Amino acid sequence: MFNPKDLLRDALVGVFVILALSEAKATSVLAPRFETLVDRAELIFTGHVISQRTEWRNGNGQKSIVTLVSFAVQQVHKGRAAATVTLQFLGGTIGDVTLEVAEMPKFKAGERVVLFVEGNGVNASPIIGFFHGRFLLRKDRVGREAVWQYNGEPLAAVNEIGRGKRAAGPEVRSVSHEEFTFQIHQRVATQTK
Amino acid sequence: MIAGRFAPLAVWLAAVVAVHGYDFIGRSPVRWADGEIPMNLQLDLTLSSHLLRDGKSSWNEVALEALGLWNGHLTPVQFTAYTNGIRRDGNDQNEVFFSSEVYGHRFGGSVLAITTAWRIGARRIEGDTIFNTAIDWDSYRGALEFDTLDLRRVAIHEFGHTLGLDHPDQAKQIVAAVMNSIVSDLDALATDDVHGARALYPPDARYSISLEVVPPASGTVTATPAPDLDGKYPAGAIVKLRAKPNRRQRFNFWGGDQNAAGRTLKVRVVDDETFVANFSTNGAPVVVAQPRSQISNFSNPVTFRVRASSTTPVTYQWEFNGVAIPAAAGSELLLNFVSHEDSGLYSCRITNARGETWSRPARLVVDGY
């Protein structure tokens with residue numbers, strides 16, 4: 001049976017590709033660079049998703065649905081946070097009514113993330129650059145907790161952030177959560193000097 | 001200043017790989033019913049137009065061209081454009097406009113545009129595209145410039161979301177596509193975009209129309225043109241329905257998939273559809289004020305009203321989803337403390353000594369808690 005994804009994978013095997021890493025924008029969002037993410041963030045934390053719920057909202061006479069995602073906070077890298085942080089995202093489903101917002105980040109229960117937060121409850125997405133300020137933490141092959149970008153790419157270095165998708169090529173090693181948060185703290189320190 | 005911070009975009013070399021990587025919004029694709037997707041273009045109402053770099057003199061013209069690019073590859077659905085000055089979110093209209101906010105929320109820094117999609121179950125009902133007024137927009141072709149954004153290519157991308165397409169690159173596909181999450185020098189639809197749209201809207205859909213007459217034998221309904229030999233119509237076909245009451249009968253209104261007055265109804269076939277022609281006897285009451293559909297918050301009171309004219313005394317019987325409501329026998333129906341179970345269709349049967357007639361059904365939607 002024809003499966004475009006299999007065909008894609010097969011077609012890419014051995015294909016010579018130069019990295020298309022470039023400063024870039026998502027069509028709807030200017031992709032922020034690492035420094036911008038850290039500088040703009042009101043709160044940066046590592047945590048995991050504990051629950052989600054949806055509610056109707058009425059803002060300026062406009063009805064909308066929001067999804068409230070609660071995170072258990074394990075580490076705060078910038079700003080202040082209680083043990084649980086709840087972030088509000090425009091969009092969601094109540095009964096059979098759904099408001100879908102293209103490009104809005106979605107979360108799964110238990111997912112471990114590093115989030116760069118700005119304008120919670122005010123902005124359509126409290127994550128800077130919609131999905132760009134959300135980094136997924138997963139164990140890599142050697143059991144390290146590594147950092148992955150919004151597009152499923154491993155984050156090889158913080159200066160990759162805000163650039164385009166890396167084309168197929170040699171496997172890249174993700175930075176570890178420890179390395180990533182070290183870089184965040186360093187940047188925060190330069191801000192506060 | 002944005003320009004100094006960004007290096008030029010590299011070309012997507014993966015474009016030479018002839019594979020398909022399109023992706024759809026949602027786990028199971030949610031698409032518009034076949035037929036027109038009306039788009040209310042209101043871009044010129046907020047930002048004044050000037051001569052744009054591609055020679056256009058209006059933002060709506062730019063959006064229209066972006067819609068036309070998709071239309072050129074779609075058969076069962078077609079974007080149609082109109083301009084209506086009244087704008088409101090959640091009004092079942094697909095609106096395209098500039099704003100500094102979206103549904104009462106701020107865009108947030110660096111957000112160019114947001115496309116929303118309302119749906120009930122798997123049925124799309126509204127999708128707005130809102131461009132951020134804080135961005136310096138123009139319209140041009142070729143290499144992307146970082147200090148002035150090309151509204152046309154962003155619009156092409158956003159209207160792809162309106163159709164139901166998502167980002168192939170975020171689904172780990174490497175293809176050249178306007179629908180990728182990264183804007184590039186690509187300023188028109190790529191093959192993968194077209195394949196994605198056609199996968200969502202295959203060109204061969206055919207649908208049937210059911211016609212009902214209520215009460216039976218009170219009239220006839222004819223459809224022009226007649227369906228094809230298989231009893232179906234091609235998606236997008238326009239069919240004219242004519243209701244003709246029998247002797248001593250009167251046509252009241254259309255129900256089913258259309259709620260309208262007038263003996264003739266012109267419909268575009270967008271799905272398997274049912275149309276009900278409602279008749280009554282000549283001496284039956286005439287509804288002069290129909291009950292109105294309403295949206296109410298949970299636990300609020302709701303009132304439906306109907307007015308009828310008749311030369312003889314009338315009685316009323318309200319119905320909920322076609323079933324009589326006990327003790328609901330006045331021209332007003334008051335529902336105290338509505339709950340979600342009260343959502344549905346309300347109509348009123350009005351009877352006098354010479355016959356009976358029905359009001360048009362009014363829908364109640366209860367939301368919130």
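By convention in this document, chain letters (A, B, ...) are assigned in the order of the sequence lines, proteins followed by strands, and residues within each chain are numbered from 1. All of these numbers come straight from a predicted model, not from anything done at the bench.
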State whether the side chain of B:Thr115 and the backbone N or O of B:Thr129 hold a donor-acceptor pair below 3.5 Å, judged by distance alone.
no
Once salt bridge (Lys or Arg N to Asp or Glu O under 4.0 Å) is applied, what residue pairs with a partner in residues 104-113 of chain B remain, sequence neighbours excluded?
none
What orientation do A:Trp56 and B:Trp118 show, parallel under 30°, tilted 30 to 60°, or perpendicular over 60°?
parallel
Which pairs with one or both residues in residues 80-91 of chain A pass salt bridge (Lys or Arg N to Asp or Glu O under 4.0 Å), sequence neighbours excluded?
none
Heaviest contributor of heavy-atom pairs below 4.5 Å to chain B, chosen from A:Glu55, A:Arg40, A:Met104, is A:Arg40
Against chain B, label A:Leu90 side chain, backbone, both or neither, depending on which of its atoms sit under 4.5 Å from a heavy atom there.
side chain
Under 4.5 Å from any heavy atom of chain B, what part of A:Ile65 do you find: side chain, backbone, both or neither?
both
